[in-house]
Amino acid sequence: MGGLYVSNLGCKVNRVESDSLLARAQRCEWIADSEKDADVIVVNTCTVTGEAQKKTRKAIRQALRSNDDARIVVAGCAAAIDPDELASIDPRIVIVSKQDLETYIEEMLPANEIEACDALRVGERFRTRVGIKVQDGCANACTYCIVHTARGKVWSKPSSSVIDEAIRYMGAGVRELVFAGINLGSYNDGGMGITDLVFEVLKATDAVDEKGIPAMRLRLSSIEPCDIDDAFIELLASSNGRVCRHLHIPVQSGSSKVLSEMARPYDADAYLDLIRRLYERVPKISISTDIIVGFPGETDQDFKETLELARACRFSKIHVFPYSRRKGTPAAIRPDQIDPEAKRIRSTSLRALSDELRKEDAESRIGDEELVVVERAGRGLTESYHEVRVSKKVPLGSMVRARIERGSCVVL
């Protein structure tokens, strides 16, 4: 047996980084199917909240218990913020920085003549929709978040590298490419922003099959409201679905007071105006979001405003995060922390609203035609980010044009 095993926690950027390690190991046939069979276990950590930090420590201890002989490599955001604390858990732990992780693993891989650049994340171990990390780091300093410290200065992948990677994935049969970044909208390659990058990748992958279905579509993993301008909206509107008409736009709160205390660079009215402009120009767009419940000082009125904003925005999905204190952030030392029971009640209420809005959004799409990517046997993902049933005869990884029905689709 033996080989590399990666335990991944946290965001989509972490997922891309972890899969990149596995792809390198796969080309050398050096992948373990479980922690107990591994020579090396990488725990790619998250530290965005206090709860995430607890999950990180739990994952590390699980790796230690599962294998008495493996080298335990701890990387990621928690390792950047609290390296000494995590290293003290056990002498077998090796802390490796995000910048050095790929090189560290490469040096342990068995010799192989295939170049690293050919290690595409395709095959049964990987998702059919492939993520590309085009940006890293964050220049913002939201008062609840420590990721800008963990990830460091803003970095953008050269556009030529992104385009080349997109072309190679298209050639490998990947039908959906997901652009990922810690602050994706801050992408800047010599003045080329995220809208320019998307446009250039669309040009480079402009091919269709015999049925007129695009060879590849693009999706943005998440983008901040302040980074969506009219040029991006126009590109989205004119791309005929090649840029998925689904955006994940974190709002965090519907209260302008709370947004100000979070140091978010917009208020509720500005966010609502953006959503209005998106619906006007792209009527069938699907919009999902993140909302933090129980931020210090959040009143019942603040939470009511959040519920009202969520309804007004007609979100297709809300990721609800009960506020969790993260040591080292300004919000963690505030004296007006919210009672855990109040956070629980508000979270339950917001999740119920999320379920209601998601059902309404799904029903509003019945009868529509959308491109669907088949992610696993009998299941596909629509452009609008809803999972639907698909005939099991449709090959895994393919993209088909389909008419949406209730919970399923009919391939056209």
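Keep in mind that this is a model prediction, so the values were computed, not measured. Only this structure's heavy atoms are used, side chains among them; waters, hydrogens and symmetry mates stay out.
Looking only at atom types and distance, the side chain of Ser256 has no donor-acceptor partner in the side chain of Asp267 under 3.5 Å away. Judged purely by distance below 3.5 Å, without hydrogens or angles, the side chains of Ser186 and Gln135 pair a donor atom with an acceptor atom. Donor-acceptor pairing under 3.5 Å is recorded for the side chains of Ser34 and Asp37. In this structure, a donor-acceptor pair under 3.5 Å is absent between the side chains of Ser156 and Asn188.
Ionic pairing of Lys359 and Asp355 is not present here: no N-O contact between side-chain nitrogen and carboxylate oxygen is shorter than 4.0 angstrom. In this structure, Arg326 pairs ionically with Asp82, as a charged nitrogen and a carboxylate oxygen lie closer than 4.0 Å. Salt bridge Glu176/Arg127: absent, no basic N to carboxylate O contact under 4.0 Å. Using a 4.0 Å cut-off between charged nitrogen and carboxylate oxygen, Asp206 and Lys203 do not count as a salt-bridge pair. Under 4.0 Å is where a charged nitrogen must lie from a carboxylate oxygen, and between Glu165 and Arg168 no such pair does. Salt bridge status for Arg277 with Glu280: absent, with no side-chain N to carboxylate O gap under 4.0 Å. Salt bridge Arg314/Glu360: absent, no basic N to carboxylate O contact under 4.0 Å. Using a cutoff of 4.0 Å between basic side-chain nitrogens and carboxylate oxygens, Asp368 and Lys284 are scored as salt-bridged. Ion pairing of Asp361 with Arg365 is present here, as a side-chain N (NZ or NE/NH1/NH2) and a carboxylate O approach within less than 4.0 Å.
By the 4.5 Å heavy-atom criterion applied to side chains, Cys11 and Ile182 are counted as neighbours. The closest side-chain heavy-atom distance from Cys77 to Cys46 is not below 4.5 Å.
Summarising the local packing, CZ of Phe199 is surrounded by 12 or fewer heavy atoms from other residues, nucleotides or ligands at distances under 6.0 Å. Summarising the local packing, NZ of Lys327 is surrounded by 12 or fewer heavy atoms from other residues, nucleotides or ligands at distances under 6.0 Å. A 6.0 Å sphere centred on NZ of Lys36 holds no more than 12 heavy atoms belonging to other residues, nucleotides or ligands.
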task = Using the salt bridge (Lys or Arg N to Asp or Glu O under 4.0 Å) rule, take Arg57 and Glu85 through it: C-alpha gap first, then chi angles, then the decisive distance, then the call.
result = CA-CA 10 Å; Arg57 290 193 291 269; Glu85 175 192 333; 3.0 Å; yes
Derivation of the salt bridge (Lys or Arg N to Asp or Glu O under 4.0 Å) call for Arg71 and Asp39 = CA-CA 6 Å; Arg71 184 182 310 190; Asp39 295 318; over 6 Å; no
task = Would you please test Arg346 and Asp300 for salt bridge (Lys or Arg N to Asp or Glu O under 4.0 Å) and show each step?
result = CA-CA 9 Å; Arg346 291 175 187 174; Asp300 288 340; 2.8 Å; yes
Verdict with reasoning, Arg281 to Glu234, per salt bridge (Lys or Arg N to Asp or Glu O under 4.0 Å) = CA-CA 8 Å; Arg281 194 66 188 88; Glu234 286 304 309; 2.7 Å; yes
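Using a distance-only test at 3.5 Å, with no hydrogens or angles considered, a donor-acceptor pair links the side chain of Thr56 to the main chain of Ala52. Put simply, the side chain of Tyr385 never gets that close to the backbone of Cys244: no donor and acceptor are under 3.5 Å apart.
Among Glu17, Glu29, Glu106, the single residue meeting the salt bridge (Lys or Arg N to Asp or Glu O under 4.0 Å) criterion with Arg24 is Glu106. With Ser253 as reference, Met262 is the one residue of Glu305, Glu261, Arg264, Met262 to meet the side-chain contact (heavy atoms from CB on, under 4.5 Å) rule. Test Leu9, Val6, Val73, Ile93 against Val43 for side-chain contact (heavy atoms from CB on, under 4.5 Å) and you get one pass: Leu9.
Aromatic ring pairs are classed by plane angle as parallel below 30°, tilted from 30° to 60° and perpendicular above 60°; the pair Phe295 and Tyr323 is perpendicular.
Listed here is the closest heavy atom pair of Asp136 and Lys133: OD2-NZ, 3.3 Å. Gly76 and Thr45 get closest at one heavy-atom pair: C-OG1, 3.5 Å.
Rounding to the nearest 0.5 Å places CD1 of Ile228 at 8.5 Å from CG of Leu220. Distance check, rounded to the nearest 0.5 Å: CG of Asp19 to CZ of Arg15 gives 4.0 Å. Atom CG of Leu177 sits about 11.0 Å away from atom CD1 of Ile167, to the nearest 0.5 Å.
The cationic atom of Arg358 (NZ for Lys, CZ for Arg) does not lie both less than 6.0 Å from the six-membered ring centre of Phe315 and within 45° of the ring axis.
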